[in-house]
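To keep things clear, I will list the structure first and then write my remarks on it.
Because the structure is predicted, anything quoted here is derived from the model rather than measured. The first residue of the sequence shown is numbered 1, and numbering continues consecutively from there.
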Amino acid sequence: MEQGTPGEPPTQSAASGRIPLAVVVVDGAGLVSHWSVGARRLFGYEKEEAVGRPVGDLLPVHGAIPEDRESYGAFDGLGPDLETSLDRRISYPAAGRARLTGSRSGGDCRVDVLWWAYPLIGPGPERLLVLAADAARLTAYDGPEGARTERDVQVERIAPGFALHTDFPGADELAARLPEILPSMSVGESARIVAQVLELGYPVLEFSHHDRVPVTPDWGVARRAERKERRQRAAQAAARGLPVAPDAVDDEGEDLEYAAVREHLEFLNEVSGRIGSSLDLSRTILEVSRAVVPRFTDVAGTYLREQVVAGEGFPEGPPDETTMWHRVAVEHTDEPGRWDDVVPVGESMPFPAHTPFFQCMTSGDPVLVPRITEEMGNAIASQFEKRDIRPLINHRSMLVVPLKARNVVLGFMILLRHRERPVFNDMDRVTGAELAARAGLVLDNARMYTYQESVADTLQDSMLPHIQPRMSGCDIATRYLPGTLLGRVGGDWFDSVKLPGSRTALVVGDVMGHGLNSAAMMGQLRTAVQTMAALDLPPEQLLRNLDDLAQRLGEHYLATCLYAVYDPIASELHLANAGHIPPVLVRAADGRSELLDLPTGAPIGVGGVPFESVTLRVAPGDRLLMCTDGLVEVRGEDIGVGLATLTESAAHPAASMDDACDTIIRALNTRGGRKDDVALLMARLNGIPAENVAHWRLAVDPAEVGRARDMVRAQLRGWSLEGLTDTAELVVSELVTNVVRHSRSSRIDLRMVRSGVLVCEVEDEDQTLPTLLSAGPGDEFGRGLRVVSGLAKEWGTSRTRTGKTVWCELALPRR
């Protein structure tokens with residue numbers, strides 16, 4: 001709700017409520033074509049009596065100015081404008097207050113109404129929409145007799161502005177178009193209001209201190225009052241036979257004003273068509289800026305909250321002097337580069353309370369400065385250190401319009417006109433407010449999309465592992481592509497898990513479906529795979545356990561999964577498949593690529609289906625390619641075509657693993673029609689040469705601890721790793737001692753592997769896993785694993801088919 005003088009912040013009323021409206025549509029012949037229930041209640045005529053009758057018979061406004069006209073405040077003398085609107089003497093939006101006489105009740109009964117009249121713009125015959133409300137319902141007398149409260153004044157200045165921009169079609173069409181015209185209105189709210197407008201006539205005018213609707217254009221009210229006075233003086237002069245002043249005949253002025261109104265409406269429609277073509281925030285900002293320059297303004301600077309640009313949320317409540325505003329665009333008609341150094345795009349700054357920008361962003365209303373004075377120019381320029389902005393802004397006309405959505409100010413636009421151009425006026429203020437409302441809606445949509453995209457990316461990144469490019473005996477490269485720009489979260493994943501014996505588990509999976517539910521299920525399954533892989537389960541058993549877990553989580557949990565374990569020392573691959581597309585193996589010897597023929601199995605979650613594993617011999621340099629079906633499957637095309645392309649592209653030579661992945665993506669991602677996510681994992685199986693592996697069999701005897709230290713020392717000398725001798729001897733001594741003292745095994749296997757790190761492994765036949773204990777000063781046991789944990793880069797334990805393995809990694813000395 002608004003009141004006050006131009007340039008002052010509006011005051012807000014705490015009042016709220018619903019006002020029944022009469023809705024009347026008048027055709028070009030002056031006959032009533034629609035008469036709502038609200039009109040029947042306000043004026044007393046039934047719909048059957050009203051439709052088809054001249055509107056002047058039903059709404060007589062002759063002599064409508066009452067004797068107590070001083071009680072009409074800002075609307076003094078505007079009553080007869082309803083009559084001139086009804087008989088087409090005013091062809092633009094009008095509003096006011098009047099008393100109608102001669103209603104159905106008869107006698108001297110008068111209906112005191114607030115009214116709005118809108119020529120309906122659009123295809124079809126000419127029509128007029130008239131809205132009216134009982135003024136008595138809006139007036140509260142809290143003081144002396146005849147005194148009106150603040151609520152009364154504010155409500156009178158509200159205008160249901162949607163009729164200004166739209167035809168009056170059926171309910172469904174109007175409901176669909178209202179959200180485009182009133183950006184703060186939802187589709188559901190629009191349908192409710194339209195249904196009540198057409199059928200009940202109320203409530204249409206809903207007011208509260210939280211919500212605002214477009215106000216009656218003050219420029220139209222003021223100019224109509226001036227024209228009416230001139231016409232009255234001209235009529236009096238003509239009756240006396242006196243000459244009529246030229247300015248008293250203002251039909252041409254009316255035509256010019258009507259043309260100006262149409263021009264502004266056409267401009268707003270054109271702007272609406274040019275913005276919002278993309279959900280990209282940067283592109284939307286440029287569209288908004290370029291839509292107003294040069295037709296509406298010569299310079300347009302756009303500022304957004306920093307959090308909006310970053311795709312983040314921001315605190316509730318209005319902005320303040322600490323709020324940082326990011327300059328995102330400057331569009332102008334000046335010579336190129338004139339603004340770039342003074343107000344560069346990308347700069348962030350706050351605005352103090354004495355500036356019109358602060359007034360705009362805190363009140364949420366446009367601020368009009370007809371001319372920027374020297375004093376105001378100096379105040380604005382003080383915000384720009386070491387840059388003099390005054391030559392660019394002084395003596396120019398300025399309009400600052402807020403960019404807001406859902407009553408939240410997202411930013412503002414600073415519009416400047418050259419001195420030679422007419423200054424911004426009240427009509428421009430109304431146009432700028434409407435422009436900002438539409439631009440704010442589009443920017444908010446782009447902001448929300450950017451925010452949701454950021455959340456989706458963060459969620460997806462948090463769920464997908466950051467795989468090390470170099471594992472023991474193999475190199476790994478990965479790629480993830482979202483299915484669509486509007487659905488960046490999916491259920492495809494890949495992973496690698498370090499296993500005892502310098503082995504690596506490789507996994508690719510695909511949860512059926514898209515969106516957050518699929519991503520959540522993917523996170524659960526991926527965590528389960530990591531946990532079970534660390535237990536060193538055979539591939540077929542791991543998939544069996546994963547299938548059982550999926551059934552416990554819910555009947556709708558379905559996923560495919562391909563699980564492989566690479567042993568670089570034995571040069572073997574152990575693979576099991578749960579309904580997934582087969583992997584591709586590229587042989588290093590001849591460059592030949594092939595789809596591996598694996599037992600397919602059923603997807604995870606089906607239940608009751610056995611899984612099988614196969615073992616393949618591989619050679620150093622062979623490459624294993626695992627991916628999800630989104631890479632090879634295209635709607636309307638047989639999946640065999642995609643698999644053939646995958647196999648062929650995987651065989652192409654490449655300078656690096658990343659280049660090889662990019663080649664595959666290019667070969668399959670350019671066919672079009674892809675809608676699913678893509679997860680791709682490529683592993684180059686380098687192997688570990690036999691000379692980098694040392695293995696010893698030890699007896700379960702305390703004397704073997706010393707022999708183990710001697711063998712470790714000698715082997716490290718042979719590998720030229722003398723710098724690790726003391727550390728390696730100590731950790732091996734602790735691990736072997738732990739088996740001798742606590743294990744019921746009959747043997748101990750000690751192995752050291754040199755790859756990217758030095759791996760020390762101790763294996764025995766007891767499946768009881770050791771744990772890290774707290775040891776007090778007097779405790780005899782419990783310190784061995786603490787020593788290992790403190791000296792090793794990593795360490796761990798796992799069960800094997802015949803016992804357990806305790807391993808640790810030591811970083812190699814830098815050369």
*V367 side chain reached by L399 side chain, heavy atoms, under 4.5 Å*: no
*Do NZ/NE/NH1/NH2 and the carboxylate oxygens of D662 and R479 come within less than 4.0 Å?*
yes
*Within the distance-only criterion (no hydrogens, no angle test), does the side chain of T355 pair as donor or acceptor with the backbone N or O of F351 below 3.5 angstrom?*
no
_Any side-chain to backbone donor/acceptor pair from D298 onto H418? Under 3.5 Å, distance only._
yes
*asked:* Please determine whether the number of non-hydrogen atoms from other residues, nucleotides or ligands lying under 6.0 Å from atom CZ of R470 exceeds 12.
replied: no
_What I'd like to find out is whether the side chain of D495 reaches to under 4.5 Å of the side chain of Q530, using heavy atoms alone._
yes
*Ignoring hydrogens and geometry, is there a side-chain-to-backbone donor-acceptor pair from D320 to T323 under 3.5 Å?*
yes
*Shortest non-hydrogen separation from L304 to L403 and the atoms involved*: CD2-CD1, 4.2 Å
*Would you call L525 and W493 a side-chain contact if the rule is heavy atoms closer than 4.5 Å?*
yes
*asked:* Keeping R371 on the side-chain end and H395 on the backbone end, is there a donor-acceptor pair under 3.5 Å?
replied: yes
_Give me the atom names and distance for the closest heavy-atom approach of R327 to P344._
NH1-O, 2.7 Å
*Any salt bridge between D428 and R421, counting N to O under 4.0 Å?*
no
_Distance to the ring centre below 6.0 angstrom and angle to the axis at most 45 degrees; does that hold for R417 and F424?_
yes
*Working to the nearest 0.5 Å, report the span between CD of Q524 and CZ of R526.*
13.0 Å
*asked:* Treating T628 as the side-chain partner and D492 as the backbone partner, does any N or O pair qualify as donor plus acceptor under 3.5 Å?
replied: no
*Just wondering, do P366 and P402 contact through their side chains at under 4.5 Å, heavy atoms?*
yes
_When you compare the side chains of D658 and S656, does any donor N or O come within less than 3.5 Å of an acceptor on the partner?_
no
_Quick one, V292 and R295 - any side-chain contact, counting heavy atoms below 4.5 Å?_
no
*Of all the heavy-atom pairs spanning A679 and V508, show the shortest one and how long it is.*
O-CG1, 4.4 Å
*Does the side chain of H326 come under 3.5 Å of the side chain of R305 through a donor N or O and an acceptor N or O?*
no
*Are L415 and M398 close enough, and set up right, to give a side-chain contact (heavy atoms from CB on, under 4.5 Å), and what steps lead you there?*
CA-CA 6 Å; L415 310 177; M398 180 172 69; over 6 Å; no
*Locate the shortest heavy-atom distance separating T297 from A300; write the atom from each residue and the value.*
CG2-CB, 4.3 Å
*Within-4.5 Å side-chain heavy-atom neighbours: P350 and E321*: no
*Using modelled atom types only, decide if a donor and an acceptor are shared between the side chain of T302 and the backbone of V328 within a distance under 3.5 Å.*
no
*Any N378 side-chain heavy atom under 4.5 Å of R390 side chain*: yes
*Can you check side-chain contact (heavy atoms from CB on, under 4.5 Å) on R396 and V299, steps first, answer last?*
CA-CA 10 Å; R396 290 191 175 187; V299 180; 3.4 Å; yes
*Backbone of G411 reached by a side-chain donor or acceptor of K404 within 3.5 Å*: no
*For the residue pair W325 and F357, is the inter-centroid distance of their aromatic rings smaller than 6.0 Å?*
no
*Minimum heavy-atom distance T663-S649, with the two atoms named*: CG2-O, 4.4 Å
*Decide yes or no for L368 and D426: does some side-chain heavy atom of the first lie under 4.5 Å from some side-chain heavy atom of the second?*
yes
*Residues H332, V293; criterion side-chain contact (heavy atoms from CB on, under 4.5 Å); working and verdict*: CA-CA 7 Å; H332 59 87; V293 177; 5.7 Å; no
*Under the side-chain contact (heavy atoms from CB on, under 4.5 Å) rule, what do T478 and L680 come out as? Steps first, then yes or no, please.*
CA-CA 5 Å; T478 60; L680 171 66; over 6 Å; no
*Specify the closest pair of heavy atoms between G377 and N394, including all atoms of both residues, with the distance to one decimal.*
CA-OD1, 3.2 Å
